[in-house]
Number of protein chains: 2
Amino acid sequence: MITSKDVAKLAGVSHTTVSRAFRGDAKIKPETYQRIMNVSKELGYSPNRIASSLRQKNTKTIGLIISHGFNPLFLKITHRIETELAIHGYHLLISFDDGDSDKQWNIIQSLAAGQVNVIIFTPLIHSTADHNRLYSLIQHSPIRFIQLISNPFEDITSFYFDDNYGSYLGTRHLLSNGHNRILMIGGINRVEGYEKAYQESELTPPIKFSDLTGSTEEASYHNIKEALLKEKPTAVFSVSEPLSYITYQVLSDLAMQIPSDISFLSFDDERWLQLLHISAIGHPVQALSNVIVREILSYETSDSEVYPSSTSFKPFLIERNSVLPNNKQ
Amino acid sequence: MITSKDVAKLAGVSHTTVSRAFRGDAKIKPETYQRIMNVSKELGYSPNRIASSLRQKNTKTIGLIISHGFNPLFLKITHRIETELAIHGYHLLISFDDGDSDKQWNIIQSLAAGQVNVIIFTPLIHSTADHNRLYSLIQHSPIRFIQLISNPFEDITSFYFDDNYGSYLGTRHLLSNGHNRILMIGGINRVEGYEKAYQESELTPPIKFSDLTGSTEEASYHNIKEALLKEKPTAVFSVSEPLSYITYQVLSDLAMQIPSDISFLSFDDERWLQLLHISAIGHPVQALSNVIVREILSYETSDSEVYPSSTSFKPFLIERNSVLPNNKQ
DNA sequence: CTGAAAGCGCTTACAG
DNA sequence: CTGAAAGCGCTTACAG
């Protein structure tokens, strides 16, 4: 391994000067600087970041924990964040917890041991014990935590999409197209926006919100099929991309044509939805990613206290061809 | 920051002993061990991995560079590799080069400065200069390099899918269904398998291979449309997932029904292809990922020389409902 | 503009 | 079974 001392010897300076040259630190005589750089290139030297991190007590490394490894949304966020962060000399350590809170806990411990500056994650809390150990760790850790997508901890900085606004937007779109019998499929946490849209129209939802939180794929498939057959909705609104995928399968297996037999709206946009001209509620992924990067960069200067903030982004409606005005009733 | 010295003081031992306790190193009196662990838990101490890495000259960190940030295939590989590696105490630093060879070069420099053990990447070579600087770096670096998916460097370990076998398999499948007029769309590097399948059937391809390497999405769209209209194939075989996506759009815009109007086969499997019952050539992603992990773990023991190896995996045919026997001619 | 010394938090011989 | 010392490769005062 080539160290600053090797360079120093060949360039006829001290390793202190080599270090300074690489950091553009204090003024160095231009000739000296050039000599150091030439020797370094020749030897293939670059400063050991591990040593530098240890000394400076700053790794310039961010830990990102992904809970839904299959969801392309996170690929996009990861891509964006890494690219921006890299420009500013940061590095990204990535881990997958597969939705398992114990696994997430271990990953956090490991990232902490790795002295990352920041941990970006979607807190997984299945019990108060989960909650407490996480909360206590976060309180005592010198690491900054950023909650992504969800935000169970109120006093910890979070960035997420306003899901209720999204479900409001979607429901309103369906209602304004004359659909009263809407089958909502998905996470109960999005029920508010749906109800709000009905209230605004001075209507009451004739069909019960179909809560599929925590259901397996198979169970979801059957629930959706049953609800579709029983409730005879004129429109379906599935409230996450994975559920949209299953819903499309059911519709297809039931030989129900979109949009002639039934209107279909998806929460979360995805490539296949675009391909099939299915209207969707999209998320400003890039805006969210950018703001996270800015937050992280802001930690560099604000040395001490950082006040927690919550930032939510509004989803938007992407009209394609899966929602038709309803003439049926 | 809590260090081993803090723990040592409270536990009434030396920090050397604390270090040993955490590494399960030499034998430590059970009581001493317990005391150390109790104190550590109380203080929330865990060994600083940066310091440990510096001292041991081993970061247990792998750098993964992703060239096609949009391709879900790499998400799968990343997920799998990270999960397996984590079990063995390794960490994953991820970067995106967006297909830009200079960016890739910078990332490699940065990963090297970060003392990663291994760099997994798809070499991006657009000129002999690209080739030479990469090759020279790899030769002189203490880091192990693993070529992923493609392998321009013969004497550097690589893991990839046998693309020509895949295109052979697909072409054969189409031919055996009576399709002679096959429109092949995609990377010219897959032409061999296609020709081999024709040869085996003692046929000559009536339609020219449509090489779209380096085309923009828009250009590809128009090329495919034109070829489809001009050549009147009975089957299309698009030789990468992004091209399958575009091909599907063209087919859809041309109102050509799959499989009644035309048979369709996709290289690279993806969720939306499954949803639409489109037959595909799949890749054993998990097998590839596992073997990469095993390779990395093997570096732990084999201290000195590692002999470069090439490992390719055979793609397989996934029959769904997009290929129909051809009765047209 | 440059250098010698100290130290970041560990681990590794060496010694007992 | 445990400790004191040295050192990993840097950076940071301190001094000149």
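Residue numbers begin at 1 in each chain, while the letters A, B, ... track the order of the sequences.
- Closest to the A:Ser14 side chain, of the nucleotides C:dC1, C:dA4, C:dC8, is C:dA4.
- Using a 4.0 Å heavy-atom distance criterion, A:Ser19 is classed as a base contact.
- Residue side chain A:Thr16 reaches the base of C:dA4 through a donor-acceptor N/O pair under 3.5 Å, judged by distance alone.
- Between the CG atom of A:Leu54 and the P atom of D:dG7 there is a distance of 17 Å, rounded to whole Å.
- As rounded to whole Å, 21 Å separates atom P of D:dC1 from atom NE2 of B:His15.
- Distance OH (B:Tyr33) to C1' (D:dT2): 17 Å, rounded to an integer number of Å.
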Verdict with reasoning, A:Asn58 to A:Ser53, per side-chain hydrogen bond (donor to acceptor under 3.5 Å, both in side chains): CA-CA 5 Å; A:Asn58 181 5; A:Ser53 293; over 6 Å; no
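- Below the 3.5 angstrom threshold, one finds no donor paired with an acceptor across the side chain of B:Arg49 and the base of C:dG9.
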Test side-chain hydrogen bond (donor to acceptor under 3.5 Å, both in side chains) on A:His79 and B:Asp98; report intermediate values, then the result. CA-CA 9 Å; A:His79 189 161; B:Asp98 300 316; 2.6 Å; yes
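- Here the CD1-CD1 distance, from A:Ile108 to A:Ile143, works out to 9.0 Å after rounding to the nearest 0.5 Å.
- Within the shown strands, C:dA15 is the pairing partner of D:dT2 under the Watson-Crick or G-U definition, both distances less than 3.5 Å.
- In the set C:dT11, D:dC8, D:dC10, the nucleotide with an atom closest to the side chain of B:Gln56 is C:dT11.
- For B:Ser52, the side-chain atoms get nearest to C:dT11 when compared with the rest of C:dT11, D:dG3, D:dT12.
- Of the candidates C:dG3, C:dG9, D:dC10, C:dG3 carries the atom nearest the A:Val13 side chain, counting heavy atoms from C-beta on.
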